[in-house]
Amino acid sequence: MADPKGFMTTPRQDWPRRPVEERVRDWDEVYVPGALLPIISKQADRCMDCGVPFCHDACPLGNLIPEWNDLVSREDWRAAADRLHATNNFPEFTGRLCPAPCEAGCVLAINQPAVTIKNVEVAVADRAWELGFTPPRPPERLSGRTVAVIGSGPTGLAAAQQLTRAGHTVAVYEKDDRLGGLMRYGIPEFKMEKHHLERRIEQMRAEGTKFRTSTAVGRDIDATDLRSRYDAVVIATGATAWRELDVPGRELTGIHQAMQYLPLANRVREGDLEVSPLSAAGKHVVIVGGGDTGADCLGTAVREGAASVTQLDIYAQPGVERDEDVEPWPTYPKIYRMSAAHEEARDLRTAPAANADARLFAASTLRFTGDSGGRVRSLHLVEVDTRRQPVSDSVRSLPADLVLLALGFSGPDKEDGLIGQLGLELEPRGTITRDAGFATNVPGVFAAGDAARGQSLIVWAIAEGRAVAAAVDRHLTGSSHLPAPIGPYDRPMAV
């Protein structure tokens, strides 16, 4: 550790965000450009280089956090980039999009604000690109084996890059017209500008990975035909089967799934559309669901010029500090967090019905009502207790011209033909069944990421991609030197 007293003398300082009034007028990332580098070395100094660094276990990738913190504190960017990329293919993605369970597991977090691990990570990743420390790494020789990867989200891309670098010939099949999966069309530009994604894809092309866009396996290509053409297949399609809200009035016009709304806003940013057909401009918007996807909808609706935006969360408002009896350190606690979108909604007072930051907690939707034309006009809700039972005399209504359902996902889409054509077995919850080696019931077919694990975090998705690549490499060659950071049955630390 560069400064043995850094954690005592230096307070935590996060990457500052741009003023709300400025950033809601554009779609650029919310942080102040260039403001991270001047503070990050001192922040890295706060790392205590613990004898048992629990941040390792809290991160499924096993990131070597104390090592690159020490190197950043000394401003040795090349060595820091090497240590960072040793465990993570895409640190500029996780540094922007991951909720940082590593910080919850930071030993300093027992009684002080944690080290800004996520900020250090993104600083190293961005600096590595600026200084040319991330050249393509094509294999020295080819194995003669071929692999098809279905899906180009973080799991598919990580698996493809690892397998390509191992010498296999890899083709990635993506149903959309552009690569990236949810990172492309689900994550708003203000959370991660897409040039970060494009840069990695070009690196992968230079390494030899092939990409096939606008190709839905199961519809455009028969899955069994694809299986016969490759030595192995990796299914990394994600969990795209969204959960529904079965309440009266759901059939009214103006009620949409979040993943119908967000991709259209992203397509406007890509230049495909001038205006989203589901734009929130001038509308009273209600978002049902308190997670990150709901927050993405919130920030998007604010930028589109909504008349009001309210987000409903069925859970009670959490406290601002960890409950050590329920979620002791180093588990990831459910505490009150304010995303950039919630900060914007709070400052702009987008939700008059909410106490703060646009969220109504402990709120359950009862029904929707509409006008004579069949368009939604109101959402009726009730307050619920900790057992999700209605609280008496708490029914109320909100104006709603646009309702967005952000209730999560249950598993892969079973209607796209892929699962049926291959005859894949499914778990009771709808995810793809696999064994301890990521293999499905179909020989040579492997499953990874949300399609098999269920809805999870980007850091788990990348870890799955790296682990399934090792399993496929072992299947093809009999052994593998590729890292496998997790097993298919591993789960986050919990009580």
Side-chain angles (χ1 to χ4, degrees), residues 1-4 6-7 10 15 36-37 39-98 100-109 114-137 154 157-159 161-162 164-166 196 199-200 203-204 207 330 457-467 469-470 480-486:
M1 55 194 300
D3 184 354
F7 67 95
T10 303
W15 191 359
L36 184 56
L37 206 57
I39 66 172
I40 205 63
S41 293
K42 295 298 291 182
Q43 290 302 302
D45 264 342
R46 297 183 69 238
C47 178
M48 299 187 295
D49 193 17
C50 307
V52 181
F54 279 83
C55 55
H56 283 194
D57 284 335
C59 173
L61 285 167
N63 281 333
L64 306 173
I65 295 164
E67 293 186 31
W68 38 259
N69 273 330
D70 177 64
L71 292 164
V72 168
S73 73
R74 304 173 192 275
E75 298 192 11
D76 188 345
W77 296 104
R78 182 182 290 277
D82 288 344
R83 302 313 291 149
L84 181 58
H85 285 95
T87 57
N88 188 349
N89 296 69
F90 314 122
E92 66 271 34
F93 301 168
T94 51
R96 288 174 167 84
L97 304 177
C98 181
C102 53
E103 293 188 16
C106 173
V107 174
L108 187 58
V115 175
T116 56
I117 298 170
K118 181 176 173 179
N119 282 181
V120 177
E121 178 180 37
V122 77
V124 175
D126 288 352
R127 195 74 173 138
W129 282 105
E130 292 169 9
L131 298 176
F133 297 157
T134 54
R137 292 170 46 199
L157 291 180
Q161 185 166 61
Q162 292 293 94
T164 296
R165 289 175 173 178
H196 300 294
R199 193 164 51 186
R200 279 295 178 186
Q203 180 196 51
M204 293 178 65
E207 291 172 347
L457 305 177
I458 185 172
V459 68
W460 281 90
I462 296 173
E464 286 254 339
R466 290 170 67 86
S480 180
H481 296 294
L482 294 177
I486 59 171

Say whether, by atom type as modelled, one donor and one acceptor occur between the side chain of [X] and the main chain of [Y] under 3.5 angstrom.
X: Ser41; Y: Val72; value: yes
X: Arg127; Y: Arg78; value: no
X: Glu207; Y: Arg137; value: yes

Heavy atoms only: give me the nearest [X]-[Y] pair and the separation to one decimal.
X: Phe54; Y: Gly105; result: CB-O, 3.2 Å
X: Pro53; Y: Gly51; result: CD-O, 3.6 Å
X: Leu482; Y: Ala166; result: CD1-CB, 4.1 Å
X: Thr116; Y: Arg46; result: N-NH1, 4.5 Å
X: Gln203; Y: Thr134; result: NE2-O, 3.3 Å
X: Pro485; Y: Ala463; result: CG-O, 3.7 Å

Side-chain touch Val107/Met48, heavy atoms, less than 4.5 angstrom: yes
Does the side chain of Leu71 reach to within under 4.5 Å of the side chain of Trp77, using non-hydrogen atoms? no
Measure the [atom1]-[atom2] distance between [X] and [Y] for me, rounded to the nearest 0.5 Å.
X: Asp49; Y: Asp3; atom1: CG; atom2: CG; answer: 12.5 Å
X: Ile458; Y: Leu97; atom1: CD1; atom2: CG; answer: 4.5 Å
X: Phe90; Y: Cys98; atom1: CZ; atom2: SG; answer: 14.5 Å

Ring pair (Phe, Tyr, Trp, His ring centres under 6.0 Å) involving Trp15 - partner list, sequence neighbours excluded: Tyr31
Can you name the residues that form a ring pair (Phe, Tyr, Trp, His ring centres under 6.0 Å) with Phe133, not counting sequence neighbours? none
Would you be so kind as to tabulate the donor-acceptor pairs closer than 3.5 Å made by side chains of residues 59-69, with sequence neighbours excluded?
unit_1 : atom_1 : unit_2 : atom_2 : d
Asn63  : OD1    : Thr87  : OG1    : 2.5
Glu67  : OE1    : Arg83  : NE     : 2.9
Glu67  : OE1    : Arg83  : NH2    : 3.2
Trp68  : NE1    : Leu64  : O      : 3.4
Asn69  : ND2    : Ile65  : O      : 3.4

The complete set of side-chain hydrogen bond (donor to acceptor under 3.5 Å, both in side chains) pairs with one or both residues in residues 88-98, sequence neighbours excluded, reads Glu29-Arg96, Asn88-Thr94, Asn88-Glu121, Asn89-Gln161, Asn89-Gln162, Asn89-Arg466, Glu92-Trp129, Glu92-Arg200, Thr94-Glu121, Arg96-Asp126, Arg96-His196
Who pairs with Ala100 by side chain to side chain contact (heavy atoms under 4.5 Å, CB included), at least two apart in sequence or on another chain? Cys102, Glu103, Lys118
Set of side chain to side chain contact (heavy atoms under 4.5 Å, CB included) partners for Ile39, sequence neighbours left out: Gln13, Leu36
